[in-house]
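Right, one structure below, let's go through it.
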2 protein chains.
Amino acid sequence: MFKIKDLLIQNGIKPTFQRIKILEYLQKNDTHPTVETIYSDLYKKVPTLSKATIYNTLDIFRKHSLVNVLTISETEMRYEFNHGPHHHFQCRVCGKIVDVEVECPHSMKPVLEGYILEEVHSYFKGVCRNCNTAQSA
Amino acid sequence: MFKIKDLLIQNGIKPTFQRIKILEYLQKNDTHPTVETIYSDLYKKVPTLSKATIYNTLDIFRKHSLVNVLTISETEMRYEFNHGPHHHFQCRVCGKIVDVEVECPHSMKPVLEGYILEEVHSYFKGVCRNCNTAQSA
DNA sequence: ATGACTGCAAAATATTTGCATATTC
DNA sequence: GAATATGCAAATATTTTGCAGTCAT
């Protein structure tokens with residue numbers, strides 16, 4: 001029931017109302033939202049919410065690996081609930097970002113001896129099925 | 001001798017002094033610079049250069065696939081001369097970005113039927129050899 | 001009660017735009 | 001000479017910061 005709240009406590013993060021709502025939002029929405037989107041959507045339920053709090057909160061979540069930050073967009077950051085390793089595809093037409101499961105060795109280690117590999121990010125761009133079929137029709 | 005100039009002409013881009021210098025800079029420097037870095041470095045030789053021109057010029061180059069845009073940094077864009085497909089590694093300590101050759105199938109197609117795949121971006125983060133050995137020493 | 005969190009507003013940073021001047025062919 | 005490119009400065013957009021007031025435990 002209080003999974004999100006417990007998750008915060010487990011990570012040593014004080015479970016305030018705003019933090020719970022923001023993390024809940026990310027868990028429920030796999031849309032990789034911008035800060036602006038999070039703000040607009042949560043504003044309805046949490047009218048006192050400010051963007052500064054969202055930025056601060058996301059930064060804390062990131063440090064605890066509760067959320068991932070995507071740099072896939074060229075103009076602003078996208079955030080997602082951390083539900084394990086996967087990649088992303090952004091549609092050039094509608095702009096939506098979807099998760100992609102890719103089997104990919106990412107065999108960098110043999111190439112770069114002596115390097116410490118900590119993060120692997122991959123993303124793809126193109127046209128999604130919806131926009132593709134819409135154009136063809 | 002005028003390879004860069006010819007390259008611009010071939011692409012239907014008017015080869016102005018600024019454009020030649022910017023593209024030359026990117027060809028000679030594989031440091032994946034920011035606009036700020038390009039500006040600081042070129043300012044010495046091209047004192048009249050403005051950042052607006054750099055932004056405009058890079059946008060033109062991008063449209064002609066002469067340069068690639070990297071979103072690997074969370075705060076600003078990085079640019080590189082387009083010398084074929086490869087990936088990137090950014091060091092968490094020194095911030096430098098290096099090219100990485102990775103054999104990776106990126107077998108997304110079987111996963112996302114009906115999608116048009118146009119771009120593949122992959123980047124890695126961690127600690128580079130220099131910073132790694134420096135820390136150990 | 002106390003220490004941390006929030007919200008506001010201002011600041012900082014990155015990028016884009018409008019327009020007069022300068023440059024290219 | 002005509003058209004386009006440049007440079008400046010202002011505008012825009014995103015993210016960060018300082019501080020007074022509020023909230024959770």
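Computed from heavy atoms alone, side chains included, the values below leave out hydrogens, waters and symmetry copies. None of these values were measured; they are calculated from a predicted model. Residue numbers start from 1 in every chain, and the chains themselves are labelled A, B, ... in the order their sequence lines are given, proteins ahead of strands.
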ask   = Which residue, B:T75 or B:K14, contacts DNA chain D at a nucleotide closer to its 5' end, judged by nearest heavy atom?
value = B:K14
Side-chain heavy atoms of A:N82 within contact of A:L26, under 4.5 Å = no
message = Taking the side chain as everything from C-beta on, heavy atoms only, tell me whether B:Y55 gets closer than 4.5 Å to B:V35.
response = yes
Between [N] ([atom2]) and [X] ([atom1]): distance, integer Å:
{"X": "A:Y39", "N": "C:dT6", "atom1": "OH", "atom2": "P", "value": "15 Å"}
{"X": "A:K21", "N": "C:dT6", "atom1": "NZ", "atom2": "C1'", "value": "17 Å"}
{"X": "A:I60", "N": "D:dT16", "atom1": "CD1", "atom2": "C1'", "value": "14 Å"}
{"X": "A:I13", "N": "C:dT6", "atom1": "CD1", "atom2": "P", "value": "11 Å"}
{"X": "B:I9", "N": "C:dT24", "atom1": "CD1", "atom2": "C1'", "value": "11 Å"}
{"X": "A:I54", "N": "C:dC5", "atom1": "CD1", "atom2": "C1'", "value": "14 Å"}
{"X": "A:K51", "N": "D:dT15", "atom1": "NZ", "atom2": "C1'", "value": "10 Å"}
{"X": "B:N56", "N": "D:dG7", "atom1": "CG", "atom2": "C1'", "value": "10 Å"}

Quick check on [N]: is either OP1 or OP2 less than 4.0 Å from any side-chain nitrogen or oxygen of [X]?
{"X": "B:Y55", "N": "C:dT16", "answer": "no"}
{"X": "B:T53", "N": "D:dG7", "answer": "yes"}
{"X": "A:T16", "N": "D:dC23", "answer": "no"}
{"X": "A:Q18", "N": "C:dG7", "answer": "yes"}

ask   = In terms of side-chain heavy atoms, does B:H64 have a donor or acceptor partner in B:Q10 at a distance below 3.5 Å?
value = no
message = Do A:S40 and A:T37 pair up side chain to side chain, a donor and an acceptor below 3.5 Å, judged on atom types alone?
response = no
Choosing from [options], which nucleotide comes nearest the side chain of [X]?
{"X": "B:L49", "options": "D:dG7, D:dT4, C:dC8", "result": "D:dG7"}
{"X": "A:R19", "options": "C:dC5, C:dT17, D:dT6", "result": "C:dC5"}
{"X": "A:A52", "options": "C:dA9, D:dT15, C:dA14", "result": "C:dA9"}

message = Heavy-atom nearest nucleotide on DNA chain C for A:P47 versus B:D59: which residue maps closer to 5'?
response = A:P47
inquiry  = On DNA chain C, does the nearest nucleotide to A:F17 precede the nearest nucleotide to B:E76 from the 5' side, or the other way round? Give the residue.
reply    = A:F17
key: Residue among A:I4, A:D41, A:V46, A:I20 satisfying side-chain contact (heavy atoms from CB on, under 4.5 Å) with A:Y25   = A:D41
